[in-house]
Structure formats: structure tokens, C-alpha cells
Amino acid sequence: NQFISVVLVGATGDLAKKYLWHSMFETYKNGIENKGPYFLFFGGARANKTFGEDTLMKIIDRSVTCYNMQCESHKRRFITVVRYVQLKVEEDYENLAHQMALDEEGHSPDNPIAGRIFYLSTPPATYVKTAQLLHKHCRSHVANSWIRLVLEKPFGNDRKTSEALASSLEQWYAEEEIYRVDHYLQKPVVKQILPFRIKNQNWLEPLLNRHHVERVEIVSKEYVGVKGRTKFYNNVGVLRDMMQNHLTELLTLVSMELPTDGNVDNIDEIKEKKIALLEQVQPMKVKSLLFGQYKDYMQEAEKEGINKSSSVKTPTFAAALLHIESARWKDVPFVLVAGKQMDERTTYVRIIFKNNVFKIPPTTDNERIQQIVFHINYGVMKEPCIIVPWSLHKALWPKDVVPKMWSQPPAYGSEMSTYQTGVPGQTTDAYIQVVQDIVNGKQANFVGTRQLMSMWDIWQTSLNVLAKRPKLYTRNNTLDFTIINKQLAFVESEHLQQKYVKPTSDKPVFAQLPKHFLGGNLYVNSTGALAMQLTSSIIEISMKLIKEKKPFHIGFSGGKTPALLFRKLREIYPLHLWVNTHIWLVDERCQPLNSHRSNFNLLFTELLQHINIPYVNLHPMPVSIAGSLCTDKDEGDILYERQLSNSVINGLDYVVLGLGKDGHVASLFPHDKSLTLTTPRKVILTNAANRGDKRMSLTVDFLNMSKNIALFVTGKEKHNILNSISSESDRLKYPVQNIQPNAGHLAWFVDSAAWLGV
Ligand SMILES: O=C1O[C@H](COP(=O)(O)O)[C@@H](O)[C@H](O)[C@H]1O
């Protein structure tokens, strides 16, 4: 039955509000539920007792959220073990010591205090003084009780100040008493990197080296900016905020040597091996770094009282290329990326293997990327997980990781069915884990002094050498970069045309694709993976509707592109869905339906004849009536319009469109009068310019009523038109630019050949 006192200095600050009180409560609750350890909490801040106490109680009330009665009752008890203490001058620390002794005695007379935790969540400039006063007055006099001094980063601003802070602390605290927090080390997937490597070492260790690894990507992109925190951020920038600590830790975990006995609890050896690895990382070269600043940063900083001259060079994005000078890793690029206000939120470590890594017998799918991904946060996966392609090797999961199957669109370049994935059992958030590890004395999950110094050694030279203004960026304008001669360079681009420079050597391009294109989401992938992605998207929407007992109405356009999609659909679309699916045509050639030029014919050959769909669910366009093809007197367009009006009141649920090389969409051609219709129509007859044939087509107005529109664009020959429509706006010249759903979703599915033009 251990009994512990926690002093939280900075108890009313941001971190305390956001994470610490909630984590303290969870730790307290754990203690109650497991019959120990028990806690007393002393929340310290500069305000006087009356004001401070009131503020603290309000903060705790807001930070600790409960969803059941039992938790509410724990919360009421928790408040009784929290005291507010003013901590402003030395005398306050003497009072604190006195109060702690009294309370500890009163709370647990038969059970002396096991230890005291001093958690500093204050501006780093106050660390030395606070640590000194806590040492001087607040160490417990109970025999064998311990002290843990907890610090939040930044631990200094560079090697020198960090060393100075460490030497000050050393005067009063032993190394094993200091807990420097890096909350990334407590993230569920991060905690499993070493256990995973150990568990799979027989097959994995022989692959983790320069002969087999093409590159390692360590990426943390955040959607948020730093508004409200620019004062802090302006001093640190992205290098100190993310790279020197979190991302360097991740690099260490994937590349260090394993403990010789394969024991993940062999803390001392792990510490030494981490330091040994860090000492082999080459100091950062300025030319191996790229910086960006999001466009509104300076304005935000100015509003928060920072003058322009000091914010002009603060990087909010950086990409860094690191090398490890060891026999194992020599010349393998480790690419680290971190940024604020990016196009998505995601954190991962991705080890990409060279083409020489195969399962035996080798896979026949040459598009498959051989990789291992430690997916840490958010992004393309719904949960943090470890990803290993089946084609690489069978993965063994450490004891706290469970295998999981996913039904979701492809991720990291492949369909989910090609991967094995393992999800960590730990679901507690990082800060709860931080507090629990402090309580349990798991110091290995914190940053030791020697390790810290080696981390500064890597970044030191690059910290203050921002000669140029960082490249300005917005969420939508990408920061693609490439490696040239062991250096990083932005791939400069104004338009799509220049966006992807084909690498001159075989060096990889690290492209951060834009997420949006012409008002819709953008997905770029290899043709096969893209068709799969589109199929998954169709299945998802149809399942949703069918679960709600509604029919699913989908429209397909013609041309050759959809054939691939039809094949995927017939292979993958679950049988039961077809019964409730209605298939419409977006456009049709005025040809007999059995002509090889008929869109319906292609649909029939590639899809309909292979599936079990009721005849009444098929809606070909009436282009051939009693042998005549789209004559005015046939009124086929009016007939189809009537059919649509009877069945599809608020627009189609899903429409798959193609893009013509001239910018046409459906059978709406450049400068066609149908683009400027004044009367509302759903279906019209058009002329295919320069082709001399007549068509029937849904109108822009009706297409835009659809709830989901996918533009499926494949092939190198579509590259130029993608360029043109992204750089010039002319709705008559480029009919596709009229496709902007009124209230639905638009998505562009573009294959790499069309996107890159190669
Ligand atoms: O330490 C920091 O990390 C967060 C990102 O952490 P995450 O757990 O949300 O990935 C970052 O926003 C912050 O600027 C930095 O100081």
C-alpha cells in the first residue's frame, strides 16, 4: 500500500488544464481500484490562496470528465485529496514542506510516504530556481522514500543551455531522480517498436540495414497551427519543438541495436544502445534541411505581440535528411518531416525496403511496396497500428499487440488485404501513461542526460543558421521535396505541370500530394489500387444506404476507362448489394445497344453479365427506339428524364465520370450549347464535336445534384488536360469545370500516370 505525494508546479497552466489533471485523476482512480498506491496532490501556482484555490478547483472540474456515476464518485473523492498551494517566494516552499508533512502524516499514519513527485509544468526559465527550492525544503525525511523531479521540454534552447540546466540540476538531484518527459515515448505504437523488433528479430534484423532499406520516413504532420502559442513557438520553431526530441527518438527506436538478451526490460543496456546509435548520427548539415512557414504565421505572431523581424524566419515546417555513420546504416536516408498547419494530421515511421526484399517465392505484384509502417497517430488508418505486408514476411505480434483486419480504403500505397496489422492493446493516452510511468519509476521511458546531449549534438549546428526566409505555404500548396546529391531540395511548382519533376537519378521524390483538386478530394494511386479505392468508396456508400433500407442509384459514364472499375466491382461488390442497386447511364452514343461503340454494351460485357442484378434495376438510355437512333421524334431524352424523375428524386447517390482529353465530361463537349441551357433539363441530346456522332447525356444541372461524384482519370494521355484545367478557368472550353456538386461530395481519382505524365 504505497502512499505518494505529487506536487504539480504550474497547476493552473495550459498543460495542466489540457492533460495533467486528467492524467492525475486517472492515476488516482487506478490506485483506488487496485488498492494502492494512494495519493495526495499539491497544486502550486503564483496566485494567492483564495484566488488560486478557486481557479484550481474550476480547472479540475473541467479537466476531469466522467461518464458514469462511479467515476463521479471518484472525482468527488479526488477533490478532497487536492490542495492548492501558493508558490511564489522561498517561504512558500517552506510552507509547502510543512503542509505536506502534516497531510502525509494525517492521511496515512501507519504507512509512511513512499515518495514525492515534483512535476514542473512551468516556463523552463524557472526550472533551476524551483528545483533548488523543492530540493532545499521539500525532500521527505522519511527513510527510504524517493524523489522524482519531472520536467517538460524544452530542456534548454541548445546544447549549451541544456548542459547548463543539467549541471544545475545535478547539484541537487541524482540522475535517477530526474524524469524528462517526451510524451512520444508513451504513445502505444511507439512503445511497441522495440518489442516488435525483438519479437521478429529472426527475419527482420537481417533486413534492417543498408543492403535492404531504401529509406526511412519519419513524419509528423499536424493540421493545427500555433495560433495562441506563437510566443512559445517563436523561440523554438519546429526543429526544437518536434525534430530534436520526438522525431529523433523515433529514429533511434527503429535504428538502434537490440539488447543482446532480447529483453525489452533490460533498461540499462537499452539506454546505452540508444546513446551509441545517437552518437553515430551525423550532425545535421544545413543543406540537408528545408524550412517552411505557414502563410498566416507572421500575422498571428504580430497579433500576439511579436514583432515581424523576429517571426520572419521561424520555421513551422521542416524536412531533414539524416545519415547514420555505421556499417549497418551507412548511406541510408532517414527523412524526417514535421509541420504545422499541413493538409492532414498524421504521424508515422515508415521503413521502405529496396526491391531486393522478397518473400520466397517472390510476389508477382510488382506494384506492391515492401515496407513496415509504425502508424502512430490519426491519418489514413482509423487506429494506431503496425503494418507489415503479407508479401514481406509473417509478422509475430508482441504480447500487448493484437492482430486486426480492416475494411477501409487502401493505405500506404496498397490495399488493406495485402497487409497484416497489429493494434496495441494499450488505449490510455500518452499523458496518463507518462504519469503512471513516473509513479512506477519507469525511468527508461524518459530522456536521460547523456541521451539528451547526444540529441542536441545532432541538431546543434543547424539551430541558428536560418539564412533564408522559410518557404511560405498554405494547406493546399504542397511542399514536395527530393534528394539530390545527399541534400534536400524543394520541387518548385506553381502549377501541376511542374509539381512532379521526374527524378533525374533513381533517388526517390518525397511528394506530399495535395489533398484537394478543383473543389474535390484528390486520390492519386497506381491504376489498380485506384480502381480498388473507387470500388471501396462505392461499396461504402451503397452499404450505408442499403442498411437504411434505401435503394442505391449509381450512374456510370462511357468510354474505356470504367472497364477496369467494372472488373473490380464484379469481383468485389458483395452479392447482396446488387439486388438494391439501380444502374443508370451518364451518357450514351446514339448507336444500337449491341454495337461495340455503345456504353451500355461495355457495361454489360464487363459487369452486368457477370452479376446477379434484377433486370428492372438496369436503366440503359433509350437511344435506339424502333430502329431509329436519337431522332427528335423519338423523344428518348424526355423518356429517360421521366424515368429519372420517377425514381431518383434528389439526384443520383453516386456518379462515376471520366475526363476527355479535351476537357469534356459525360457527353458534354467544349462549347456545346447544352452548357448554357436556360431551361432546367436532366437529359439532353448533344453532338460530339469533331467526331460527327450524336450522344445522349445527363446535364450539368442534374449531375451536380448527385450526392457523390467521382472523376476517374487514368493514363498518361490525360496529363495535359489535368494541367490545363488546373491552371486555366473556362467553363465553356473545359466542360468538366462545371462539375461542382450542389451539396454532395466530389472526389478525383487520378492514376499516377495521368498525374505525373510518365
Ligand atoms: O510536443 C509537442 O507535440 C505536439 C504534438 O503531439 P501529438 O501527441 O499531438 O502528436 C505538438 O503539437 C507540440 O507543438 C509539441 O510541443
Side-chain angles (χ1 to χ4, degrees), residues 10 13-20 22-23 119-124 150-157 162 179-193 217-251 253 291-294 297 300-301 304 311 314-318 320 336-350 373-381 383-385 424 426-435 437 445-447 452 455-456 459 463 475:
D14 273 354
L15 190 74
K17 279 185 205 156
K18 227 167 137 185
Y19 299 115
L20 296 180
H22 165 68
S23 308
Y119 200 126
L120 309 199
S121 169
T122 50
V150 186
L151 303 177
E152 284 287 339
K153 78 176 170 53
F155 319 115
N157 213 30
S162 189
Y179 285 61
R180 292 185 190 85
V181 177
D182 182 328
H183 76 281
Y184 265 55
L185 291 176
Q186 313 285 354
K187 291 189 180 259
V189 165
V190 177
K191 281 196 134 162
Q192 295 299 337
I193 295 178
E217 297 172 2
I218 302 176
V219 174
S220 172
K221 295 204 274 173
E222 293 181 80
Y223 200 73
V224 291
V226 285
K227 198 170 174 182
R229 309 203 290 147
T230 54
K231 272 206 176 108
F232 156 76
Y233 203 82
N234 214 50
N235 288 328
V236 295
V238 70
L239 283 194
R240 291 180 179 90
D241 190 41
M242 295 294 295
M243 295 252 177
Q244 178 271 344
N245 31 61
H246 305 318
L247 300 200
T248 309
E249 285 280 5
L250 297 179
L251 175 145
L253 289 170
F291 293 116
Q293 185 185 79
Y294 68 78
Y297 176 77
E300 287 173 7
E304 290 167 27
S311 65
T314 306
T316 59
F317 164 92
L336 277 55
V337 177
K340 302 278 183 193
Q341 223 174 85
M342 307 293 291
D343 54 348
E344 62 174 335
R345 173 91 168 98
T346 186
T347 311
Y348 59 84
V349 177
R350 188 174 181 216
V373 185
F374 296 99
H375 178 84
I376 296 169
N377 270 345
Y378 315 101
V380 287
M381 304 295 298
E383 272 179 82
C385 59
Q426 176 201 327
T427 49
T428 45
D429 79 36
Y431 262 98
I432 298 178
Q433 204 59 43
V434 167
V435 175
D437 279 358
N445 294 332
F446 295 80
V447 187
L452 178 64
M455 286 159 89
W456 280 118
W459 294 94
L463 290 177
R475 272 190 221 296

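All values reported here derive from a predicted model rather than from experimental measurement. Counting starts at 1 for both ligands and their atoms, following the listed order.
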Worksheet item: Is the shortest side-chain N to carboxylate O distance from D343 to K221 below 4.0 Å?
Response: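 A salt bridge is present here (some side-chain N lies under 4.0 Å from a carboxylate O).
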Practice prompt. Could you tell me the separation between the CD1 atom of I218 and the CG atom of L336, rounded to the nearest 0.5 Å?
Written response: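 Separation between the atoms: 4.5 Å.
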Worksheet item: Of the non-hydrogen atoms in A318 and M243, which two are nearest, and what is the gap between them?
Response: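 Closest approach of A318 to M243: O-CE, 3.1 Å.
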Item to complete: Could you tell me whether the side chains of Y294 and E300 share a donor-acceptor contact shorter than 3.5 Å?
Response: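 Their side chains do contain a donor-acceptor pair, which is all the 3.5 Å distance test asks for.
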Worksheet item: Where the side chain of Q293 meets the backbone of S311, is there a donor-acceptor pair that is under 3.5 Å apart?
Response: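 Side chain of Q293 to backbone of S311, a donor-acceptor pair under 3.5 Å: yes, one is there.
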Fill in: Residues lining ligand 1 [heavy-atom distance under 4.0 Å, listed by chain and residue number]
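Residues within 4.0 Å of ligand 1: K153, H183, Y184, K187, E222, R229, D241, M242, H246, K340, R345, N377.
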Worksheet item: Between Y431 and H183, what is the ring plane arrangement, given parallel below 30°, perpendicular above 60°, and tilted in between?
Response: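 Y431 vs H183 ring planes: parallel.
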